[in-house]
Amino acid sequence: MKNRLKVLRAERDWTQAQLASELDVSRQTINAIEKGKFDPSLPLAFKAARLFDMAIEEIFLISYSRVINRQLFNC
Amino acid sequence: MSQLNKTTTPWKARLEKNTISLFLWTFAWLCTTALVKFGSKYLWDYDTYLSAAAVILNIVVGSLMILMNKRHLDSSDEMMKKIQLDAMAMSLGIGLVLGLSFQQLEAVKLISFQPQIAHLVMLMSIVYALAVLFGRRKYA
């Protein structure tokens, strides 16, 4: 799952540690989410959305092509 | 964003506190395990009541260590929990599969020595430690 966390954080001039502190997770977790290596839980995604005052889907972007492929072509 | 400048969050402080508690209870459990093993031999000459008391103490302290481990996991963030869960799955799976295979080696005369529970504990510990390291690298 892709996300805009790094961009949004940079726009506000926050460090990973500051964002981690605000979301009550470790800096490593923020780093892994930003790199797309770890998908956050729904509560954490909601928390991030509330912090940035945005909708979840404006921050976290699912790869629709894969989902649609799976649904349409069962692959 | 009033709290963006805070350095130690309640979550981080709780994790640090629980990590120290877990370390202390693990050390206490280790001490009581040593007491059961060596106390009966060197301190009370296999006195039944003292040996039973030492075993009960070992179980009680061990149970508290398990509770502390659970509390430590509960206070970890979701990625840490995922790393721990993966490591525990690997440790349990490999421990079970290789442990049973290893135990059968003696039965089918492929090894001459008796497999010990300590071998299984060592294997599971090594697998667990390696899996945690691998998990941290994976998400780094």
Side-chain angles (χ1 to χ4, degrees), chain A residues 1-67 69-70 75, chain B residues 1-26 67-94 125-140:
Chain A
M1 188 164 67
K2 290 178 180 177
N3 66 80
R4 297 177 54 223
L5 217 55
K6 191 175 183 177
V7 175
L8 295 170
R9 181 175 61 76
E11 280 173 2
R12 286 154 181 80
D13 205 22
W14 297 341
T15 63
Q16 284 187 341
Q18 285 172 319
L19 182 57
S21 163
E22 205 61 27
L23 295 177
D24 268 345
V25 292
S26 65
R27 191 198 58 76
Q28 288 80 2
T29 298
I30 296 296
N31 185 49
I33 294 172
E34 283 185 357
K35 286 182 175 175
K37 290 182 176 178
F38 179 74
D39 291 337
S41 67
L42 200 54
L44 183 58
F46 267 112
K47 215 170 178 178
R50 205 178 306 125
L51 182 69
F52 289 111
D53 198 22
M54 297 172 93
I56 287 184
E57 58 268 32
E58 289 178 289
I59 302 175
F60 299 98
L61 319 155
I62 194 151
S63 174
Y64 282 110
S65 58
R66 238 173 117 184
V67 175
N69 281 346
R70 201 175 298 147
C75 63
Chain B
M1 295 305 295
S2 58
Q3 296 174 322
L4 268 182
N5 288 325
K6 64 189 174 186
T7 49
T8 306
T9 62
W11 165 78
K12 206 171 181 181
R14 196 168 59 244
L15 179 65
E16 282 170 6
K17 184 178 159 240
N18 287 339
T19 304
I20 292 168
S21 289
L22 177 61
F23 170 77
L24 292 175
W25 280 106
T26 305
L67 283 176
M68 283 302 147
N69 191 29
K70 188 186 174 304
R71 195 174 288 179
H72 177 258
L73 281 175
D74 285 342
S75 62
S76 302
D77 78 357
E78 52 192 69
M79 192 180 78
M80 289 180 194
K81 281 180 188 165
K82 166 86 176 127
I83 291 171
Q84 293 285 335
L85 181 69
D86 288 349
M88 282 189 267
M90 289 294 289
S91 176
L92 183 65
I94 290 177
S125 304
I126 291 168
V127 170
Y128 179 77
L130 288 176
V132 169
L133 281 175
F134 178 78
R136 283 175 179 267
R137 280 184 65 95
K138 181 182 168 188
Y139 293 114

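As the structure is a prediction and not an experimental result, all values here were calculated from the model. In the text below, chain A, chain B and the rest are named by the order of the sequence lines, each starting its count at 1.
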### Task
Tell me, yes or no, whether the heavy-atom count around A:Lys47 atom NZ, taken from other residues, nucleotides or ligands under 6.0 Å, exceeds 12.
yes
### Query
Do other residues, nucleotides or ligands put more than 12 heavy atoms under 6.0 Å from B:Met88 CE?
yes
### Query
With sequence neighbours excluded, what pairs up with B:Tyr128 under the ring-ring contact (aromatic ring centres under 6.0 Å, His included) test?
none
## Note on the structure
residues 129-140 of chain B vs chain A, non-hydrogen distance cutoff under 4.5 Å, contacting residues -> B:Lys138, B:Tyr139, B:Ala140
### Query
Can you name the residues of residues 75-87 of chain B that have some heavy atom under 4.5 Å away from a heavy atom in chain A?
B:Asp77, B:Glu78, B:Met79, B:Met80, B:Lys82
### Task
Return the option, out of A:Ser26, A:Pro40, A:Ala20, with the maximum number of heavy-atom pairs under 4.5 Å with chain B.
A:Ser26
### Of all pairs that satisfy salt bridge (Lys or Arg N to Asp or Glu O under 4.0 Å), the ones with a partner from residues 29-46 of chain A, not counting sequence neighbours
A:Arg9-A:Glu34
#### Entry: Part of A:Pro43 lying under 4.5 Å from any heavy atom of chain B
neither
### Query
For the atom pair CH2 (B:Trp11) and OG (A:Ser21), what is the distance rounded to the nearest 0.5 Å?
9.5 Å
